[in-house]
Amino acid sequence: MASSSSRLAGVAPLLLTAVLCLQLPTVSRAQLQVGFYEKTCPDAETLVRQAVAAAFAKNNGIAAGLIRLHFHDCFVRGCDASVLLVSANGMAERDAMPNKPSLRGFEVIDAAKAAVEKSCPLTVSCADIIAFAARDSINLTGQIVYQVPSGRRDGNISLMKDADENLPLPTFTLQQLIHLFAKKTLTAEEMVTLVGAHTIGRSFCSSFLSRIWNNTNPIVDEGLSSGYAKLLRSLCPSTPNNSTTTVIDPSTPTVLDNNYYKLLPLNLGLFFSDNQLRTNAALNASVNTFADSEALWNEKFWKGMIKMGNIEVLTGTQGEIRLNCSVVNKITGMEMAHYYSGSASSVDEIVTS
C-alpha cells in the first residue's frame, strides 16, 4: 500500500483542479432558462412528453411516481439526476430506505433519454428529463400547464447516506419538516404547497403502520379518523405483506387537485406528517385556504415546483451530460478529490460503471 505522503502527493493536482473549478467565470453557474434546448435539441421536451404519455396510457399511477422522483432527486445533492445512478454495492441514493422499493419511474426516464439521445446525442441532461417528466405528469393528472426552466447538468455522486439524511419521512414532526425544507431554501408555506402532491399516488403500509397498530393492538391516533383507521387496519394487518399499498387520497386518487387539503380537517390524512400541518395556526390557515381555492393552490404548486427544480443545480461546465442515466460517463478530478478527502468510503460509492 502507498504511504500517506505519496498518496497526498498524488491527490494534490486533483485538489488544485477542484480549486480552479471554483474560480471558473460566473457564466458556468448560469441560471436555468425556459427553452434552453430550443436550438440544440428543439424536440427534447416533445420527446419526453411522448414517453411520459405512453407510460401514463398503460398505468396512470406512473405520474405520481415521476413527480416524486423529481422531488427525491432535488432534495439530495440538488436536481442533478443522482437518484438515477445505480451502484454495484447497493449504496446509491436509490438504495436508501426512503427510495427503495417505493421510488419508481426509472424506466420512463430511460425511455425518454433513449428517444432524446437518438435525436440529439449527449445534449439533454437526465436531470432536465426528470424535471420535464414531472411537469408532464402534473399536466396529465391536473391539467396544470407551465414551462420548466432547463439547463441542468448531471452529477457524478450518489450516496445512500445523503438520501437518508435529506429526505423527509412520513413519521416526521412539523419542526423536522420545516427544518428540512428550509435547508433547501423552501419556506414552510411552500412546504405545505408542495406536499399537496400527496393528492395522487399510493403508499406502502409500512409508511403509516405505526399510526394504526402497536404491535398487534390498534392505536388511537387523534389525528386519524377512527373509521379511516379501521379501514386501514383491514387493508394493512399488523404484520403486512411488504408489497401491500393503498391510495393516499381515498376520494380522487388519480387526480391532482386540492382534495388533499379538504381531507386533512376530516382527519383523513394518511401520514403522521400530513396531520402535522394542522398543528400550527399559520400553516393550518394555508391548508384551509388551499381547500377553499383550487386555483390558488394550482398556481402556488407549479411555482413551488419550479423553485424546487432550482435547488443546487449544476450548470455550465459543472457535472456532465450522461449518455446513460444510470451510469456516469467518467470519474473526474473533483470526484477523486472527494474520495481521498474521506467524504466517501469507496470509489464505488461515488460512481458505478
Side-chain angles (χ1 to χ4, degrees), residues 17 21 24-25 27-58 62 65-66 69-70 72-74 77-88 92-94 103-137 139 147-158 309-310 312-336 347-348 350-353:
T17 299
C21 285
L24 287 172
V27 67
S28 70
R29 298 171 183 270
Q31 294 297 309
L32 305 180
Q33 63 186 61
V34 172
F36 181 82
Y37 299 107
E38 184 175 353
K39 294 181 179 179
T40 58
C41 192
D43 293 331
E45 295 191 45
T46 297
L47 292 170
V48 174
R49 187 177 300 112
Q50 290 173 345
V52 173
F56 184 80
K58 296 178 181 178
I62 197 63
L66 290 168
L69 188 66
H70 185 36
H72 281 226
D73 180 41
C74 291
R77 308 195 70 86
C79 311
D80 66 347
S82 54
V83 72
L84 302 180
L85 289 174
V86 174
S87 169
E93 289 176 30
R94 64 194 291 172
L103 206 60
R104 58 199 178 114
F106 298 106
E107 72 286 354
V108 182
I109 301 301
D110 288 341
K113 178 64 171 174
V116 171
E117 282 300 311
K118 186 176 181 179
S119 178
C120 317
L122 284 175
T123 302
V124 182
S125 69
C126 299
D128 276 341
I129 290 175
I130 296 176
F132 293 150
R135 181 269 313 274
D136 297 335
S137 297
N139 178 244
Q147 294 181 303
V148 172
S150 52
R152 299 167 188 80
R153 304 266 291 180
D154 298 323
N156 297 337
I157 301 172
S158 185
N310 276 272
E312 301 169 24
V313 293
L314 303 176
T315 59
T317 58
Q318 300 170 319
E320 63 183 14
I321 304 296
R322 280 185 227 141
L323 176 63
N324 181 330
C325 287
S326 64
V327 182
V328 301
N329 295 340
K330 60 185 178 180
I331 301 177
T332 68
M334 285 289 284
E335 278 80 65
M336 292 304 291
V347 172
D348 186 61
I350 300 175
V351 297
T352 58
S353 59

Any side-chain to backbone donor/acceptor pair from R322 onto V328? Under 3.5 Å, distance only. no

D154 side-chain N/O to S125 backbone N/O, donor-acceptor pair under 3.5 Å: no

Could you pull out the closest heavy-atom pair between D128 and G151, with the gap in Å? OD2-N, 2.9 Å

Roughly how far apart are D43 CG and E38 CD, rounded to 0.5 Å? 11.5 Å

Give a yes or no answer on whether the side chain of T123 reaches the backbone of P121 with a donor-acceptor pair at less than 3.5 Å. yes

Looking at every non-hydrogen atom in both residues, tell me the closest pair between L314 and G155 and how far apart they are. CD1-CA, 3.7 Å

Under 4.0 Å between a Lys/Arg side-chain N and an Asp/Glu carboxylate O for E93 and R77? no

For H72 and R94: C-alpha separation, side-chain torsions, deciding distance, then whether side-chain contact (heavy atoms from CB on, under 4.5 Å) applies. CA-CA 9 Å; H72 281 226; R94 64 194 291 172; over 6 Å; no

Please tell me if the side chains of N329 and N156 come closer than 4.5 Å, counting only heavy atoms from C-beta onward. no

Using modelled atom types only, decide if a donor and an acceptor are shared between the side chain of D73 and the backbone of S82 within a distance under 3.5 Å. yes

How long is the gap from CG on N310 to CD on E312, to the nearest 0.5 Å? 11.5 Å

Do you know which two heavy atoms are closest between C126 and A81, and how far apart they sit? CB-CB, 3.7 Å

Indicate yes or no for a side-chain donor-acceptor contact from E320 to the backbone of R153 under 3.5 Å, with no hydrogens or angles considered. no

State, to 0.1 Å, how close V52 and S137 come at their nearest heavy-atom pair, and which atoms those are. CG1-OG, 3.8 Å

Whether the side chain of E117 engages the backbone of A114 through a donor-acceptor N/O pair (distance < 3.5 Å, no angle test) should be reported. no

Determine whether more than 12 heavy atoms belonging to other residues, nucleotides or ligands lie under 6.0 Å from atom CD of E107. yes

Without swapping roles, check the side chain of K113 against the backbone of L323 for a donor-acceptor pair under 3.5 Å. no

CG of D110 to OG of S326: how many Å apart, nearest 0.5 Å? 6.0 Å

Looking at Q33, I want to see if its CD is surrounded by more than 12 non-hydrogen atoms of other residues, nucleotides or ligands under 6.0 Å. yes

Rounded to the nearest 0.5 Å, what's the gap from OG1 on T46 to CZ on F132? Could you check? 10.0 Å

Do I130 and L84 come within less than 4.5 Å of each other through their side chains, counting heavy atoms only? yes

Where A44 and Y37 come nearest, the two heavy atoms and their spacing: CB-CB, 4.3 Å

Is any side-chain heavy atom of S150 closer than 4.5 Å to one of L32? no

If I take atom CG from residue L66 and atom CG from residue L103, how far apart are they, to the nearest 0.5 angstrom? 9.5 Å

On a heavy-atom basis, which atom in A51 and which in V108 lie closest, and how many Å separate them? O-CG1, 4.0 Å

